[in-house]
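Single-structure report; data block below.
In listed order, ligands and their atoms are each counted from 1. Position 1 is the first residue of the sequence, and the numbers go up from there.
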Amino acid sequence: MMTSDPVLEDLNPNHIARQQFDAALAYLPELTVCPGMADWLFEPERIVKVALPVRLNDGCVHVFHGYRVLHSTLRGPGKGGIRFHPNVDEEEVKALAAWMTLKCALVDVPFGGAKGGVACDPRELTPYEKSRITRRFIAALGDNIGPYTDIPAPDVYTDAQTMAWVYDTYSMMHPGDNNLPVVTGKPLDLGGSPGRAQATAQGSLFAAEHYLELGGSPELTGLKGATVAVQGFGNAGRNAARLFSAAGAMVVAVSDSKGGIYDPGGLDVSKVEVHKDETGSVVGLEGTKFLEAGEVLEVPCDILIPAALENQITAANADRIEAHVIVEAANGPTTPAADRILNEKGIHVLPDILANAGGVLVSYYEWVQNLENQQWEEHEVLEKLRRKMQRATERVVTKRVALIEGHAHYQEVLRRRDPEAPEMPVADLRTAAYVVAVGACSATATQRGIWP
Ligand code: GLU
């Protein structure tokens, strides 16, 4: 992971999630008069931490640490992926879970938020070792997950195969039930939904396309001919490169954990995919220039798609970003300090809770199909996804306009409470998205009331 100057920036993802949340509170007076209510909306409902003894292929037992955070069930059951990565810890999973709650509220699906992870390096594990870690994790979580309570899905370094193991393990523990809705992102042969595999990237594309249609970026009228750089070549990044290229954009740079490749004349994405499958990396494709890790973010392009991990665009490199629009296919790729720099530079950031919501949207459609024993056609799923992404994009754009128009009013309210309050920054798209999402959660909390 890229690091920034720790003196300048706090890179704890959960602190960052709280800063983003707090930025929205200035526009939500109902929450500022009752700060406890804001705390309730931000704090996770439940944190489960488990130690997993797993025998690896060398015959030795290794103890892995797994986490499942149920952030909120205010608007529906918890929903969110399981990631396998060496950086996984409680703070990261808490942030990822909070972002899931906000994402589901923003795109308006009846789910809360959750997230899970196991600290491990999947690049050093065989598939059989990965399956044993998965099964032990799911067994240890027991009824902390369930079709109506908390529903996992894929995330970084987990995929449809991992979800099949999740399903199988849970199903062994709950014989006789329809357990398909306990997990989404399953293989098509096992209750998966058409369209789920490429859903995150497809959602990013629908959001970006609609943002440009709405006139969001004066420099760009559409995806055709736009130059694109993609950081990360996992599920989100790889599909984004393929789909943006199929939509007429020119992908000039891509990267993975080993480095990046650049061709200002445009990469042939299908050749990059073949090279990645054959060699394990995008690096080394003939006719391309090698980029060091992180350099992919700084190539001149119209659209930059961070599709890897948190804290990639920070105070240390935001100044060197040359894109017009950033489409956050990853969760948490941009820090608050970087956001301020990008905002000043006039770079538009389609925030993660909007831009990567396609994954959980199609997860929702998979869950509905599983509950009803239905199978929908891919075109039905994609059409539903497109409409939801467009509506959410419109909501964010409209809210941003309203926040900017109301700037003087909000500043005055703030100063009345605290005469020393600093000048509020001009609301960016992330703040607008948070105002919509936190506002929706706050409205639900008011309707439900606080029990008892
Ligand atoms: N892991 C994905 C995300 O961060 C998908 C979650 C889901 O489908 O539940 O949004």
May I ask you to decide if D89's main-chain N or O and N87's side chain share a donor-acceptor pair within less than 3.5 Å? no
Identify all N/O pairs between ligand 1 and the protein with a separation under 3.5 Å and present them as a table of atom names and distances.
residue, atom, partner, partner atom, Å
ligand 1, 1 (N), P154, O, 2.9
ligand 1, 1 (N), D155, OD1, 2.8
ligand 1, 4 (O), K103, NZ, 3.2
ligand 1, 4 (O), K115, NZ, 2.9
ligand 1, 4 (O), D155, OD1, 3.4
ligand 1, 4 (O), N331, ND2, 3.0
ligand 1, 8 (O), R196, NH2, 3.1
ligand 1, 8 (O), S363, OG, 2.5
ligand 1, 9 (O), K79, NZ, 2.8
ligand 1, 10 (O), K103, NZ, 2.7

Using 0.5 Å steps for rounding, measure from the OH atom of Y157 to the CZ atom of R83. 11.0 Å
Quick one about D143 and H174 (side-chain donor to acceptor, distance below 3.5 Å, no hydrogens or angles considered), yes or no? yes
With a distance cut-off below 6.0 Å to the six-membered ring centre and an angular limit of 45° from the axis, does R75 pair with F111 as a cation-pi contact? no
Who are the salt bridge (Lys or Arg N to Asp or Glu O under 4.0 Å) partners of R320, not counting sequence neighbours? E298
Compute both the distance and the angle, then confirm whether R135 meets the cation-pi test with F137: under 6.0 Å from the six-membered ring centre, within 45 degrees of the axis. no
